Structure formats: C-alpha cells, structure tokens
Amino acid sequence: MQRNDGETGSTTAAFSLALFIAALTLITVYIFVAKIWWFPPAITAFGFQIDAQFHRTLVITGVIFVLAQFALAWTLFRFRDQGQRASFFEGNSTLEFVWTLGTIVMFVGLGLYGEHAWAEAHFQGAEPGALQIEVTGQQFQWQFRYAGPDGKWGQTKPELVSASTGNPLGLDPKDPSGKDDVVSPVMYVPAGHEVEILIRTQDVTHSFYVRELRLKQDAVPGMVIHMHFDATVPGQYEIVCAELCGLGHYKMRSFLNVVSQEEYDKWMNDQEVALQQQ
Amino acid sequence: MVTHDTGGGHHHPPTGFIRKYVFSLDHKVIGIQYYFLALFSVFLGMALSLLMRIHLVWPNAKLPFAPGGQMTPEQYLALVTMHGSIMVFMVLTTAPQSGFGNYILPIQIGAEDMAFPVLNMLSFWTTFVSLVVLVSAFFMVGGAPISGWTAYPPLSALGQITGPGEGAGQTMWVIGLAIFCAASLMGALNFITTTLDLRTKGMTLGRMPLTIWAWLITAILGLLAFGVLLAACILLLLDRMAGTSFFIPGGLVVTDTPITWHKGGSPLLWQHLFWFFGHPEVYIAILPGMGVASHVLSTFARKPVFGYRAMVAAMSAIGFLGFCVWGHHMFISGMSPYSAFAFSIMTMTIGVPSAIKTFNWLGTLWGGKIQFTTAMLFALGFVSLFVTGGLSGLFLAQPSLDLYLHDTYFVVAHFHLIMGVAAIFGIFSATYFWFPKMFGRMMNEPIGKAHFWLTFIGVYCIFMPMHFLGLAGHPRRYSDTSGANFLAPLHSVHYFITIAAMITITAQLIFLFNLFYSMFAGEKATDNPWHATTLEWAIPSPPPFDNFAGHVPSVYRGAYEFSVPGATEDYIPQHLVPEKVGKAY
C-alpha cells in the first residue's frame, strides 16, 4: 500500500502539531514567569540561596525547554511530506562532540554550583549557642521537646510512651533531668536565633517539612538527624509531613511559630510554670 | 532471496487450542499475551487513578465500593499503592519489553523463536500469577497496602498495627512482587541469549535496529536489577512473617504499643535495595520507548537514524549510569549527606546521554520527508514529553533543591511525564506501527489520530499543572487537601487536573475500540505497509508459525537505509541482496 502525498494529512497534521507544541511551550513559560503558583517567601538566608539556585536552574532549563520544543515544532513542520525526497545523511561527529561537551559543561556545572547550599545545610553544624529542639514524629502528630533550664534531655523509655495520658515521648519520671523538659505539639523559636533540630521518630518514617525554611528531612526510625536554621521573619508557618506514614499522613500538621525573643521567653516561662503545677 | 539452511524440523506448529493460544511456546503468542496482560493492567491502573482524582476534588462524592459511600484515607492510599505498583510492574515493564520485545525481537534479528521457548512461556505465566497475587491484595482483610509502591519499612514491615492494609494486603503485595521479579529474571535471560546467539547471517551488532539495542540493554538492566528487588522482597517478607529485623530498628512505639520483638535493623537498607532496583527500573520502562521512537522517527522521516553509533552509546551510557544514581531518591532520607554529592553529579551526568538522544532525534527529522501516521505522531509526542519530563529532572537531581521539592507534586509531575506518559507514548507508537504485522490488518488511522490528539493534549493538561502544585509545596500522597491551610488555594489546580484526567482516560476507550475493531474489521495489511527496512517487514502479515517458513533471510546492510541516493525506492530492506538495489522491488 503506497502512502501517497497528502494521504497522511501532512500539512494539516504538521501545522497543528507544531502549533500545539509552540502554544504549550509559551503557556508553560508564562505560568512560570508570572509565578501564579509559587514558593512562599523564604524566612532564612539559606532559603534565599536555595531560591537563587532554583532560579539559575529555571533559567537554564527554561531556555533548553523553549529551544528544544521550538526546534521540534519547526523541524516537523519544515520537513513535512510535500512530495520531496528526503536528504541522506547518517550523522555528524563534530555536532555529536559539540553537543555532548556542551551539555556536560552545562549540566555538571549547574550541579556543582548548587552543592554550596547543600553543604551549608548538612556539612556545617549549628552555630555554638544554638537553641536545641528535639522533633519527634509519631502517627500522626509532631512533638517538640525543649531541654528546659538545666539544658539536659531527660531519659525516655519506649514502654512509658502514652500519648493518651500526656506522655507522648515516654519521659521517665524518675530521671531528674527530664523534670523540666517541655514537650509541646507546636514549635516556638526566637527570630534571628540559630536553632538546631534533632529529628527522630517513634514509629515509622516521617518527614519534617517547612516550606518557608526550604528544609525537609526524613525522620528515620533508629536515627537522630541534626539540621539547623536561623529564621528571621516572625510569623506562623505550617509544618507538614512529607513522607507517607499511614492513613493520617495528610493531616500530620503542626506550626512553627517564629516570635521575638521576649515572646519566646514568655512562652517558655508559661510552659515551665505549667510543668511545675502538675 | 538468499536463504540458508536452518537445520529446521525441531519446531512444529502445535495443533490444540491450549498449546496454541494458552501455554504456547511461540514468542509471538507470548508477546500478545503479555500485551493483553498489560492492556488489562493499564485500564485497571487508570481506573484507580481516576478514583483518586475524583476523591481529591470531591472528597464527599458517593462511590460505589466504599463502605458508607465515601472514600476513606486508607482506601485512597491503597489506590496510590496499587496504581503505582500495577502501572510500574504490570504495564511499563511488561508491555514495551516483554510484549513488543517478545513479538518483534526474534523476527527483527532473523530468529525463528526465542532461545528458550519453554522459559519464555514460564516467564509469562509467572507474570500472570504475580498479577493475580498483587491484585488479590484488594480483597484481603484490611484491603490493599497503604505504604505506596515504594513500601518503606517500618510502615510496610510491622503488620496491621501501622495501618489498615498493612496486614495480609501488604503480604500479598510483597509476594506478588517477588514472583514478578522471578518472571522478569527469566525474561531477561532469554532476551540477552536470543539477541547474542540467534542473529541471522549478516546481522552484526552494528546492523541491529535500535529497537534491538534498546531491548538488549533493558534486559541487561533487568537481569541486574530484579535480583536485588527479589532479595529485598524476601527480606521484607521475613521481617513480616518470621520475626527477623532486617529493616526494623529497636525501641519503636506504634500508637503507644512498644515493639519489643524487633531490634537492630535499618529502614535505610530497604531504601538502598529498593532504589538500586528502582532507578534502573525507570530506564527499563523508558529505554524500549527510546528504541521504538528512534525506529519510527527514522521510518516516517524516510531518513537514516542520525548518529546511530551515538544512539547506541547513549543508551549504553544511560544503562550504566542508571546503576550509579539510585541515591538521588534518598537525598533527604538520612543517608550520608556527603554521598549526595556523588549521586547528584552522576545524575546530572545522566542528563547528557539523554540530551544526545534528543539532539539525534531532531537530527533524524531534519531534512526528512515526514509522514504523519499515528505511529509517527506518538513518536513525535514521545520526544516532546521526554524533553519536558527530562528537564524537571535537572531540578530534582540537585540535593539543595530537593530539600524543597522532594516528595511534592513536582516529583509526581516529573516521573509521570518521563517514565509514565513518555513510555506509554512509546507503547502506543509501537502498537500503531506493528499492529499490521501482528494482526494482519491496519489500525484505523483517523480514529488513531483522534486518540493521539486527545491523549497528547490531555496528558500535558494533567501533568504540567502538577509542577505548580509542587512549587507551592504540595506534598504527594495526601488523601485530602484539608490537612494544611496552604493547600486550600491549590484546589482550582486539582480541579483542572481532575477534569483533564477524566477526559483523557475516557479518550482511551477510543483506543480500545480501534484496537478490537481493527483486529477484526481493519483494512488488510500488506507485508510491508510502511515501506520499512527491517526483517519483520520481509515476511507475511501476520507471520507464519516459525516466522520465516524455514527460509531465514541474510542481512546485507544496516537497519535504516532510507532515501539512499541511487536506489529506486526510498528504502532498502536489510535482507535485499546487493544485486537488486537500484532495481524495482
């Protein structure tokens, strides 16, 4: 069966496909540029670094996206079947070399550029004097523990864990260093103060995620993972779980309250007073 | 036609129905069996995703299967798990490789069958059993597992206590997967042996169609990857049933109940094993699509593949690097942050052969005489989707950006475009291209084009907006958007996606109709309706039982001799004797 010119609807098909690919490309670029759906503003200096790297990546991939899709659209339209004979060539070593080298430099270079922010988050420890907060995930809530005035964590025991009776972390009442440990379902931190979080879980894997911090870290059973941040913009931010942890995954939510030092001190004081009244 | 003695006589067509169509040893029948298994699975998987999409937008919708009428969070997560598992294993792994590979590979290399026909039959029926076991998870007490297709322990390891579906449902899931691994290992062995040992005279490695290269590399990946998943599944099963603690550390407390009978295991071990399989699996899904796209683009551009050697090198590089990048799924998992460096750079590097392939596809089209058959439209769509889905990988490959984007809808958009939809476009392209050979009839082109347009526009409308959900920080696998305040403004995006999904999924019924209608009432196909060059077009449509009726052709040239100057036709079949080039054929 000979496919005659026109039988495959060349011009109409080529034009429609080229048009759709071009339109799709432009609409996508528009939504990215207009930032109709976007990150919330960052509240740490680290967050701005992440945003800068995101923008670098977006510009590079955006240019490649537009060039590649337009090249596809143009090529398939330009060389549609109009009864011509196709030209014959089987490749071009120079071109292969150029675009291989070009993409290596661009992709690997971009990757190397972005490692700096990662290094800052993971290779450097928290600054001395950082406020330590233990973050514990459990199906399906977060618990935040502060060591209290003595600066020591009280011992916890799995068999003492009882969320229903108000001891969600299993603090051992016989351990004096645990007497002043504040356990809260929401997180308070003073603005502009380095905070170190110790992320752990009691049951399954969870993931601590605050969009405004540009931070996400899995809470892994059997591990304690350290992260640090310095939030400078006061406000209330949502903490959600980003790793599937069971049927209540979607509602495992808490709040990060970034407040002034005075407000923080007052909140902490209220917690300690409440502890002593128990 | 020059033929050589095949020493035949060892291979007779079976006569009974059972041996001919059920427990067949014929690679063509087995290929079609795999195809229909994948076809059933893809519609099941799509139905599950449709229910998910409906629930996300209308959480109070009355659904027939849900007790009390409304979908519960655990039912939603069961759908998440089963949609992913069915699509990845039963569709993306079976259709392009085991389906088309089985049918086309032996013919394209000039073999009468696969190297091990009995093993081939066994691998299909083992796959069938694994599908039955996997789907049976739905009917277990507590329903299907809620731990996703990645099944991270301890959620997946501790049993019913961690949630509904984590009892018998999860057990059936693990067993189903383990069986699937065994089946895939058998298939991989067969593909590799067949390709290396059964090529006809003149079919050197450098003359093999790119489809063959793709199936060969995929089989090697499968051989190396499925063994690891099989081991991981057995370990998980032991943790669940035999009280071992490979993946479970001590001191856990689940809903106030201390877990005292496990200690010393590592949840990260599962993630390493799973992703050591899981990342190559991505390429197992997409490499055959790359092969098909290259093949179809060349055929309908009437031009040789641009940079054949570069294409083979790029596929090999993707296959090799595919084993070095599993850690990019684990940047925030708690593994050493130093290793993230290495995984990140390796992942950025894997973008290079992917880019080379894209350039070469454009080079193949350039200067061509492009015929817009339905198969070609899907191949062109494949290129567009591959570019779009690939580029978002450059974000996710950077651990610093992964801190924000990991486990958000951005990831869902990325892998659906590149590994899901692009691979599906490869399957569609292959279907429209080889259907005439497989069933002896043409598929209906106008219906096929309607299917293409609805699908191409539809998948972009479904998956492009998911990038924006991800930018807004929307975590994936949320059964409900009421759990966090920042999700509320995203409802309009979800609504748009759901409508697009409903239309796109409905459009697949057009394909189903075309497939069955054409099978029985399509226009009769000639031996070589596309004027293509490879060996499957040298034999009748559909082919006889042993493919070449005892006369296996020799091969005299590469696979993509289109529009060669001096030739009478714009294609020179691989088997055409040199004296005939330049004369009418």
Side-chain angles (χ1 to χ4, degrees), chain A residues 1 8-10 13 21 24 37-38 50 53-54 57 61 65 68 71-72 75-76 79-81 84 86-88 90-91 96 99-100 103-104 107-108 111 114 117-118 122 158-159 161-163 202-205 211 214-218 220-223 225 238 240 242 244 246-247 250-251 253, chain B residues 73-74 148 152 154-155 163 249 251-254 256 258 267 302-304 306-307 310 332-334 337 344-345 348 351-352 355 359 362 365-373 384 387 391 394-395 398-400 403-404 406-407 460 468 471-473 475 477-480 483-484 526 529 563 565:
Chain A
M1 186 177 71
T8 46
S10 275
I21 291 175
L24 162 92
W37 296 282
W38 207 251
I50 300 281
Q53 179 64 13
F54 184 87
T57 310
T61 51
F65 176 69
L72 177 65
T75 310
L76 69 86
F79 297 104
R80 68 192 184 279
D81 182 355
Q84 81 275 26
S87 35
F88 180 84
E90 295 182 294
E96 299 282 356
W99 59 49
T100 304
T103 43
I104 288 178
F107 292 176
V108 176
W118 176 256
H122 283 281
E159 60 272 22
V161 170
S162 173
Q202 274 180 351
D203 39 41
V204 301
T205 306
R211 300 181 307 149
R214 305 288 189 266
L215 274 190
K216 184 183 290 129
Q217 176 58 55
D218 280 5
V220 185
M223 292 174 76
I225 297 167
E238 288 183 290
V240 293
L244 178 54
L247 64 90
Y250 71 100
K251 57 180 181 190
R253 190 264 308 260
Chain B
E74 57 269 32
Y152 281 9
L155 179 60
L252 299 187
V253 185
V254 182
D256 290 359
R302 312 311 292 167
K303 271 194 68 219
F306 188 93
I332 62 152
S333 70
S344 168
I345 296 304
M348 295 304 263
V352 175
F359 285 129
L362 293 176
L365 292 172
W366 191 266
K369 180 192 183 202
I370 298 172
Q371 300 169 343
F372 292 89
T373 58
S384 173
V387 168
L391 285 171
L394 291 177
F395 293 84
Q398 299 180 50
S400 57
L403 285 166
Y404 186 88
H406 185 83
D407 268 329
Y460 265 124
F468 303 115
L471 291 186
R477 294 166 165 177
Y478 269 29
S479 60
D480 200 317
T526 56
S563 305

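Residue numbers begin at 1 in each chain, while the letters A, B, ... track the order of the sequences. In this text the structure is predicted, and so the values were computed from the model without any measurement.
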Flag, side chain of A:Thr103 to backbone of B:Ala355, donor-acceptor distance under 3.5 Å:
no
Output the distance between atom CZ (B:Phe395) and atom OG1 (A:Thr61), rounded to the nearest 0.5 Å.
3.5 Å
Work out which heavy atom in A:Pro158 is nearest to a heavy atom in B:Pro258; give both atom names and the distance.
O-CG, 3.7 Å
From OG1 (A:Thr57) to CG (B:Leu391), nearest 0.5 Å
11.5 Å
Which region of B:Tyr152, side chain (C-beta onward) or backbone (N, CA, C, O), has a non-hydrogen atom less than 4.5 Å from a non-hydrogen atom of chain A, or is it both or neither?
side chain
Expected output: side-chain A:Gln84 to main-chain B:Gly368 donor-acceptor under 3.5 Å:
yes
Just give me the residue among A:His122, A:Gln217, A:Lys251 that pairs up with chain B most often, heavy atom to heavy atom, under 4.5 Å.
A:Gln217
Can you say whether A:Glu90 sits under 4.5 Å from chain B via the side chain, the backbone, both, or neither, judging by heavy atoms?
both
So which residue, A:Ala68, A:Ala86, A:Ser162, A:Gly91, ends up with the most heavy-atom pairs under 4.5 Å with chain B?
A:Ala86
Is it the backbone or the side chain of A:Glu238 that comes under 4.5 Å from a heavy atom of chain B, or both, or neither?
side chain
When the 4.5 angstrom heavy-atom criterion is applied to A:Ile21 and chain B, the contacting part is side chain
Contacts of type salt bridge (Lys or Arg N to Asp or Glu O under 4.0 Å), residue A:Arg211, not counting sequence neighbours
none
Output all residues satisfying side chain to side chain contact (heavy atoms under 4.5 Å, CB included) with A:Lys216, sequence neighbours left out; order by chain, then residue number.
A:Ser207, A:Tyr209, A:Ala242, B:Ile332, B:His406, B:Thr408
Say you draw a straight line from OG of B:Ser333 to CD1 of A:Ile225; how long is it, rounded to the nearest 0.5 Å?
7.5 Å
Quick check: do B:Val352 and A:Phe107 have side-chain heavy atoms less than 4.5 Å from each other?
yes
Under 30°, 30 to 60°, or over 60°: which ring-plane class applies to B:Phe306 and A:Trp99, parallel, tilted or perpendicular?
tilted
Are any non-hydrogen side-chain atoms of B:Leu155 and A:Thr205 less than 4.5 angstrom apart?
no
Which bit of B:Gln398 is near chain A, if near means a heavy-atom gap under 4.5 Å: side chain, backbone, both or neither?
side chain
If I measure from the heavy atoms of chain B, does A:Leu76 come under 4.5 Å with its side chain, its backbone, both, or neither?
both
Which heavy atom of B:Pro337 sits nearest to which heavy atom of A:Trp118, and what is that distance?
O-NE1, 3.0 Å
In short, A:Gly111 meets B:Ile345 closest at the heavy-atom pair C-CD1, 4.1 Å
For chain A, which of B:Gly163, B:Pro475, B:Ala472 has the most heavy-atom pairs under 4.5 Å?
B:Ala472
Looking only at non-hydrogen atoms, find the nearest pair between A:Ala71 and B:Leu362 and report the distance.
CB-CD1, 4.0 Å
Return the option, out of B:Gly351, B:Ser344, B:Gly367, with the maximum number of heavy-atom pairs under 4.5 Å with chain A.
B:Gly367
Please flag which part of A:Val240 lies under 4.5 Å from any non-hydrogen atom of chain B: side chain, backbone, both or neither.
both
Can you find a heavy atom in the side chain of A:Phe79 that is under 4.5 Å from one in the side chain of B:Ile370?
yes
Compare all side-chain heavy atoms of B:Leu403 with those of A:Ile50 and state whether any distance is below 4.5 angstrom.
yes
Exercise: identify the closest heavy-atom pair between A:Gln53 and B:Ser400
CG-OG, 4.2 Å
Any sub-3.5 Å donor-acceptor pair from B:Asp256's side-chain atoms to A:Ala163's backbone N or O?
yes
For B:Pro249, is it the side chain, the backbone, both, or neither that has a heavy atom closer than 4.5 Å to a heavy atom of chain A?
side chain
Side chain, backbone, both or neither of B:Pro267 within contact of chain A (heavy atoms, under 4.5 Å):
side chain
Taking the side chain as every heavy atom from C-beta outward, state whether B:Phe372 and A:Asp81 have any pair of such atoms under 4.5 Å apart.
no
Top contributor to chain A interface from B:Pro73, B:Pro399, B:Ala310, B:Pro154 [non-hydrogen pairs under 4.5 Å]:
B:Pro399
Kindly indicate whether the side chain of B:Leu471, heavy atoms from C-beta on, has any atom under 4.5 Å from the side chain of A:Phe54.
yes
